J.: 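I have a structure I would like to understand better, so I am pasting it below and will then ask my questions one at a time.
Predicted model only: the values in this text are computed from it and were never measured.
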Amino acid sequence: MRNNPRELLLNMHRQHVSGWQQKDMLTLRGVYAEQAVVFEKVPPPRFSDFKTFENTLHQYFSQIHDVTLLTDNIQIEFSGDVGWITSQYLMAYHAKGRLQRETGRWTEIYQRENGEWKLTHFHSSPDPFN
């Protein structure tokens, strides 16, 4: 099942999660399309391209340590050259000397161009506090 879109998208999702967990900009650059639109809790809330997002991530990543990021309830759908993944996440990390935990929702939209899937839209948002 080498060219199974569902399997390929799941592998892209795993790379994306790994890039965040490892704070690995090289991995993230390989996942995101250059003109990706990102809605994220990291200010500002919307980025219209990966380069702007990357500049902000460097600062954000310097403030968090010992990151663990897990996703579950992963749903993968695709139609032609567009695929989307929804999941829930649990992120734990140290910031300002304290352990922080966050749960939330995570949505990725991928587009296949010239046989290669790239993340073109990403949205994550933390669950509201109880």
Side-chain angles (χ1 to χ4, degrees):
M1 293 200 198
R2 256 178 206 250
N3 291 320
N4 178 343
R6 196 173 305 279
E7 186 178 320
L8 293 170
L9 288 169
L10 180 58
N11 286 335
M12 292 297 294
H13 170 78
R14 288 176 176 154
Q15 285 179 315
H16 189 206
V17 170
S18 176
W20 275 91
Q21 181 165 307
Q22 301 300 317
K23 302 189 300 183
D24 182 349
M25 295 308 298
L26 187 59
T27 296
L28 292 174
R29 270 190 225 110
V31 170
Y32 284 80
E34 187 58 40
Q35 297 304 314
V37 175
V38 179
F39 291 89
E40 178 48 74
K41 71 179 183 102
V42 179
R46 181 184 187 279
F47 300 87
S48 59
D49 60 70
F50 182 73
K51 187 63 179 165
T52 305
F53 183 50
E54 180 179 31
N55 291 338
T56 303
L57 279 183
H58 282 294
Q59 182 179 3
Y60 175 68
F61 283 164
S62 73
Q63 297 171 13
I64 64 174
H65 309 284
D66 305 318
V67 178
T68 299
L69 178 60
L70 305 170
T71 58
D72 66 357
N73 196 21
I74 300 166
Q75 304 292 315
I76 301 172
E77 301 294 334
F78 63 93
S79 179
D81 290 333
V82 176
W84 54 100
I85 300 172
T86 59
S87 61
Q88 295 171 289
Y89 71 85
L90 166 63
M91 184 173 174
Y93 57 92
H94 283 91
K96 298 179 182 174
R98 297 186 65 196
L99 177 63
Q100 306 288 324
R101 287 192 178 110
E102 176 182 300
T103 60
R105 306 292 188 261
W106 176 292
T107 302
E108 301 158 281
I109 299 175
Y110 290 88
Q111 185 169 357
R112 183 171 42 196
E113 195 169 298
N114 299 323
E116 184 177 19
W117 290 97
K118 287 292 188 173
L119 183 61
T120 58
H121 180 97
F122 173 58
H123 179 201
S124 74
S125 54
D127 290 331
F129 291 106
N130 294 333

J.: Could you pull out the closest heavy-atom pair between A95 and I64, with the gap in Å?
T.: CB-CG2, 4.4 Å
J.: If you compare all heavy atoms of R112 against all heavy atoms of G80, which two are closest, and at what distance to 0.1 Å?
T.: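 So the two residues come closest at NH2-O, 3.1 Å.
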J.: Within a strict 4.5 Å, meaning less than it, do heavy atoms of the E54 and F47 side chains meet?
T.: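 E54 does not reach F47 side chain to side chain.
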J.: What's the spacing between L28 CG and Q22 CD if we round to 0.5 Å?
T.: 10.5 Å
J.: Side chain to side chain contact (heavy atoms under 4.5 Å, CB included) for V31 and Y110? Distances and angles first, verdict last.
T.: CA-CA 9 Å; V31 170; Y110 290 88; 4.0 Å; yes
J.: With a 4.5 Å cut-off on side-chain heavy atoms, are T120 and Q35 touching?
T.: no
J.: Could you go step by step and tell me if M25 and L57 meet the side chain to side chain contact (heavy atoms under 4.5 Å, CB included) rule?
T.: CA-CA 9 Å; M25 295 308 298; L57 279 183; 4.1 Å; yes
J.: Which word best sums up how the rings of W20 and F122 line up, parallel for under 30°, tilted for 30 to 60°, or perpendicular for over 60°?
T.: tilted
J.: Are more than 12 heavy atoms, taken from residues, nucleotides or ligands other than E113, located less than 6.0 Å from that residue's CD atom?
T.: no
J.: For the residue pair L10 and R14, establish whether any side-chain heavy-atom pair is separated by less than 4.5 Å.
T.: yes
J.: I need the Q111 CD to W84 CH2 distance, nearest 0.5 Å.
T.: 12.0 Å
J.: Name the residue from M91, H16, Q88, H123 that meets the side chain to side chain contact (heavy atoms under 4.5 Å, CB included) definition with W106.
T.: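 Passing option: H16.
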J.: Using modelled atom types and a 3.5 Å cut-off, is there a donor and acceptor pairing between side-chain atoms of R29 and backbone atoms of F50?
T.: no
J.: Within this structure, what is the CD-CD1 distance for the pair E77 and I109, rounded to the nearest 0.5 Å?
T.: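 Those atoms lie 12.5 Å apart.
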J.: Please report the C-alpha distance between K23 and H65 in whole Å, then the side-chain angles of each, then the deciding distance to 0.1 Å, and finally whether the side chain to side chain contact (heavy atoms under 4.5 Å, CB included) criterion is met.
T.: CA-CA 9 Å; K23 302 189 300 183; H65 309 284; 4.1 Å; yes
J.: Got a second to check how far S124's OG is from R105's CZ, nearest 0.5 Å?
T.: 12.0 Å
J.: Check this for me: Q59, atom CD, are more than 12 non-hydrogen atoms of other residues, nucleotides or ligands nearer than 6.0 Å?
T.: no
J.: Using atom types as modelled and distance alone, determine if a side-chain donor or acceptor of K118 lies under 3.5 Å from a backbone N or O of G30.
T.: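 Confirmed, K118 side chain pairs with G30 backbone.
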J.: Of N11, L8, V82, which is the lone residue that meets side chain to side chain contact (heavy atoms under 4.5 Å, CB included) with W117?
T.: L8
J.: How far does NE2 of H13 sit from CD1 of I76, to the nearest 0.5 angstrom?
T.: 7.5 Å
J.: When the ring centroid of Y32 is compared with that of F53, is the distance short of 6.0 Å?
T.: yes
J.: Looking at NZ of K51 and CG of D49, how far apart are the two atoms once the value is rounded to the nearest 0.5 Å?
T.: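 CG of D49 is found 9.5 Å from NZ of K51.
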J.: With side chains defined as the heavy atoms from C-beta onward, is the minimum distance between L9 and E108 less than 4.5 Å?
T.: no
